[in-house]
Amino acid sequence: MADAPHFVTLGMFIIDEFSFADQDGKPTGKTLPSQIGGGGTYAAIGARIWLPSHKVGMIVDRGNDFPQHIQDKLLSYGANMWHFRDRDDRGTTRALNSYRGDSRWFQYLTPRVRLTPRDLHGTGFAWPKALHLVCSPTRALEIISEVDEVHGWEPTMIFEPIPDRCVPEELPSLVKALPLISILSPNAEEALSLLTMSTSVTVESVEAAAVRFLNIGVGSSGQGCVIIRMWCAGSLCSDQKPMEADGLTPSGHRMTVERLSMLHGQVCKGRAESAS
């Protein structure tokens with residue numbers, strides 16, 4: 001495990017498609033070409049800001065319709081950070097991002113190809129120091145159980161819950177998973193949905209959600225952190241570490257809001273290095 005990469009994601013590579021309508025559902029005429037997608041993909045690309053390509057890893061299931069321009073773009077970040085698996089029997093995983101006014105919906109257009117730690121064997125990505133999960137809380141527990149089967153492997157685990165499973169029914173599984181991970185990183189809307197918080201996304205509501213997650217207990221002995229992404233408003237980071245009194249919220253949790261698009265990647269890199 002000495003030569004293991006710092007950061008590997010189990011997120012699926014997705015090709016994103018888009019549709020745009022106004023508030024009444026009428027098409028706006030706006031179009032976008034197919035785009036590189038998937039939370040795991042952007043976590044890996046974000047990690048590249050601080051890590052060389054041989055320290056980052058992701059499996060890409062390359063279907064029989066895989067566009068050359070997307071392949072070229074991925075390779076521009078470093079060929080050795082991708083492990084391509086050719087799937088001649090099917091197309092690449094695709095999803096539709098539908099916009100209606102200011103609201104967004106997400107749905108898969110093809111069956112998903114899910115990844116587990118076992119898929120990393122033989123790729124050069126096995127036993128990374130930091131493992132990024134993009135899945136439901138229930139499935140996160142299954143992946144964590146699989147990690148626990150490997151003697152001596154104790155990766156920093158970063159959990160990014162998928163939007164369509166950020167529902168109150170998944171909260172019991174999340175409560176079980178939180179002490180076993182190091183970083184919880186949902187989008188703001190999904191964080192509020194998991195906690196059944198019927199409110200709009202504001203810094204105040206997101207801070208309240210972060211405090212609730214921390215009170216449940218994130219990481220071993222509650223030493224993990226919560227990063228909630230608020231799109232163009234930045235990302236809120238919160239943990240239980242002490243700081244100067246004037247930097248504390250009334251609840252006693254340290255809160256910072258950073259307007260950095262790749263904050264997630266920065267934290268992953270820092271935690272991975274501390275685990276090495």
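- Taking a cutoff of 4.0 Å between a charged side-chain nitrogen and a carboxylate oxygen, Arg94 and Asp65 qualify as a salt bridge.
- Counting only heavy atoms from C-beta outward, the side chains of Asp61 and Leu115 approach each other to under 4.5 Å.
- Within the 6.0 Å centre-distance limit, the rings of His121 and Trp127 are counted as a close aromatic pair.
- Thr41 has its side chain within reach of Trp82: a pair of non-hydrogen atoms, C-beta onward, lies under 4.5 Å apart.
- Salt bridge annotation for Arg85-Asp119: present, with a cationic side-chain nitrogen under 4.0 angstrom from a carboxylate oxygen.
- Using modelled atom types, one side-chain atom of Tyr42 and one backbone atom of Ile36 make a donor-acceptor pair closer than 3.5 Å.
- With respect to Glu154 and Lys129, no salt bridge is recorded, no charged nitrogen being found less than 4.0 Å from a carboxylate O.
- Residues Ser182 and Val218 form no side-chain contact, since every pair of their non-hydrogen atoms from C-beta on lies 4.5 Å or further apart.
- Using a 4.5 Å heavy-atom cutoff, the side chains of Ile227 and Leu236 are not in contact.
- Both Leu51 and Leu75 sit in one connected hydrophobic cluster of ILVMFWY residues. Membership requires side-chain heavy atoms under 4.5 Å apart, directly or through other members.
- A salt bridge links Glu160 with Arg229: at least one charged nitrogen is closer than 4.0 Å to a carboxylate oxygen.
- Here the CD atom belonging to Glu146 is positioned 4.0 Å from the OG1 atom belonging to Thr116, to the nearest 0.5 angstrom.
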